[in-house]
Amino acid sequence: MTAVLYDLWLRMGYSYDVPASGARHVLRLMPLSLPNRQRLVAGSITISPMPDEQSHFVDFFQHPATSFMLRAPHEALDIRIQARVQVESQPIAADFSPLLADLPDEIAGVWSLAPDSPHHFLADSPRLTQTREIADYARSCAKPDLTAMQIAHALCTRINKDFTYDPDATTVDTTPLEAFKLRRGVCQDFTHIMILALRSLGIPAGYVSGFLRTIPPPGKERLEGADAMHAWVRIWCGETIGWIELDPTNDIPAGMDHIVVAYGRDYSDVVPVIGVLKSYGGQRAVQAVDVIPLK
């Protein structure tokens, strides 16, 4: 088994037309440590202005999060993350997933309601509500003789082929159906569409937030979405296989180029920065990411 060590830098900045005050935010930005997948060697978060209160907690899906409060008026907020992460290669697994018709029996055999239980990833979630258009699209990939894993791969490839990566086409609040009709969007849109498609077939699926390698290996094309935080799909393929991860934006399995920050049902569970503040007028946001493999 091989491994790659990455140095990660992230900056998220916000500037306000009118100074904000009474701000409280929650951050989910630090990469996870996952057995046999990746290890957070070291990491730090810098917040400017200095928070008046700061605390740390672990949410339901077992993600470390940072909560902080700013009482004084401030014209801008600057958040910086620095981390070193080791990512391990994953063995290529044979497809022992069940046929789609047999998957419900395997789901029913899971009695656990732990954070990674497939039961949490079947129904509608805060940002994802089933639509006929996406369900019809999913059925076109769900041939009766295909396994759950084969259907997931087929949907991943189909979305990558049918949709155009366009960062100007959608916003963070664009619904999956709106992006589906546009046939354009970014990783968040493709991920939400694929999750809805899989759930409509009875295949548990969830959202993965993370980062992509910024510099591609020699001879490889640069991956879409590498200048910002990235998203891809987590799919439960039966008791034997468990969870796999696919990246529909690039039509590849999540591998050594992917660094996991958080798992959830949809984007609402893994929002990198969320909060409230007292202000009015507009605001502007900037984001910059560097993921550099160490020699």
Side-chain angles (χ1 to χ4, degrees), residues 32 34 36-38 61 87-100 103 106-107 116 118 120-122 125 128 134-135 137-143 146-165 176 179-180 185-213 216 220-226 229-267 269-270:
L32 295 173
L34 301 167
N36 304 314
R37 169 68 181 274
Q38 72 180 35
F61 291 105
V87 180
E88 298 178 1
S89 62
Q90 299 299 300
I92 299 175
D95 185 0
F96 292 110
S97 63
L99 295 174
L100 185 61
L103 186 61
E106 296 209 11
I107 295 172
D116 64 347
H120 300 303
F121 302 91
L122 275 169
S125 50
L128 299 182
I134 295 176
Y137 183 81
R139 279 194 293 273
S140 68
C141 294
K143 308 303 180 185
L146 296 182
T147 66
M149 182 183 288
Q150 288 173 326
I151 292 170
H153 278 278
L155 270 169
C156 183
T157 298
R158 176 88 182 273
I159 290 170
N160 178 265
K161 178 181 178 181
D162 291 349
F163 292 75
T164 300
Y165 185 87
F180 180 81
V186 294
C187 56
Q188 175 183 309
D189 304 304
F190 302 161
T191 295
H192 276 161
I193 291 167
M194 184 169 169
I195 292 170
L196 273 176
L198 289 163
R199 288 181 187 172
S200 74
L201 299 171
I203 300 175
Y207 194 102
V208 191
S209 170
F211 300 99
L212 268 179
R213 175 202 291 255
K220 298 289 186 180
E221 292 186 4
R222 186 174 175 278
L223 297 176
E224 297 283 11
M229 291 194 73
H230 193 49
W232 57 98
V233 184
R234 192 184 191 206
I235 308 106
W236 195 79
C237 293
E239 293 181 280
T240 302
I241 298 294
W243 293 98
I244 67 169
E245 296 175 20
L246 299 177
D247 180 349
T249 307
N250 296 290
D251 191 22
I252 54 175
M256 296 180 71
D257 291 322
H258 295 75
I259 299 172
V260 178
V261 169
Y263 292 116
R265 296 163 298 171
D266 59 40
Y267 178 74
D269 288 332
V270 302

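All heavy atoms count here, side chains included; hydrogens, waters and symmetry mates do not.
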So, for [X] and [Y], which heavy atoms are closest and what is the spacing to 0.1 Å?
X: Tyr165; Y: Val186; result: CE1-CA, 3.9 Å
X: Met149; Y: Ser97; result: N-OG, 3.2 Å
X: Phe190; Y: Thr164; result: CZ-O, 3.6 Å
X: Val270; Y: Gly264; result: CG1-N, 3.8 Å
X: Leu155; Y: Cys141; result: CD2-SG, 3.9 Å
X: Ala231; Y: Cys187; result: N-SG, 3.6 Å

Side-chain heavy-atom pair [X], [Y] within 4.5 angstrom cut-off:
X: Tyr267; Y: Thr191; answer: no
X: Arg213; Y: Val87; answer: no
X: Pro253; Y: Ile244; answer: no
X: Arg37; Y: Leu32; answer: no

If the condition is side chain to side chain contact (heavy atoms under 4.5 Å, CB included), which residues does Leu99 pass it with, not counting sequence neighbours? Asp102, Thr147
Partner set under side chain to side chain contact (heavy atoms under 4.5 Å, CB included) for Leu146, not counting sequence neighbours: Lys143, Gln150, Ile151
Measuring from atom [atom1] of [X] to atom [atom2] of [Y], what distance do you get when rounded to the nearest 0.5 angstrom?
X: Ile252; Y: Asp257; atom1: CD1; atom2: CG; result: 6.0 Å
X: Ile195; Y: Ile134; atom1: CD1; atom2: CD1; result: 11.0 Å
X: Gln38; Y: Gln90; atom1: CD; atom2: CD; result: 9.5 Å
X: Leu198; Y: Leu100; atom1: CG; atom2: CG; result: 10.0 Å
X: Asn36; Y: Glu88; atom1: CG; atom2: CD; result: 6.0 Å
X: Ile235; Y: Ile241; atom1: CD1; atom2: CD1; result: 12.0 Å

How far apart are the C-alpha atoms of Leu212 and Asn250, what are their side-chain angles, what is the distance that settles it, and do they pass the side chain to side chain contact (heavy atoms under 4.5 Å, CB included) test? CA-CA 11 Å; Leu212 268 179; Asn250 296 290; 3.9 Å; yes
So the side chain to side chain donor-acceptor pair (under 3.5 Å) pairs with at least one residue in residues 231-244 (sequence neighbours excluded) are Trp232-Glu245
Mind jotting down which residue pairs meet the side chain to side chain donor-acceptor pair (under 3.5 Å) criterion with at least one end in residues 151-160? Sequence neighbours excluded, please. Ser140-Arg158, Thr157-Asp251, Arg158-Asp162
Measure the acute angle between the ring planes of Phe163 and Phe180, then classify it against the limits of 30° and 60° as parallel, tilted or perpendicular. tilted
Return a table of donor-acceptor pairs under 3.5 angstrom between the side chains of residues 199-210 and protein atoms on other chains or two or more places apart.
{"residue": "Arg199", "atom": "NE", "partner": "Phe121", "partner atom": "O", "Å": "3.2"}
{"residue": "Arg199", "atom": "NE", "partner": "Ala205", "partner atom": "O", "Å": "3.1"}
{"residue": "Arg199", "atom": "NH1", "partner": "Ala123", "partner atom": "O", "Å": "3.1"}
{"residue": "Arg199", "atom": "NH1", "partner": "Ser125", "partner atom": "OG", "Å": "3.0"}
{"residue": "Arg199", "atom": "NH2", "partner": "Ala205", "partner atom": "O", "Å": "3.0"}
{"residue": "Arg199", "atom": "NH2", "partner": "Arg265", "partner atom": "O", "Å": "2.8"}
{"residue": "Ser200", "atom": "OG", "partner": "Ala197", "partner atom": "O", "Å": "2.6"}

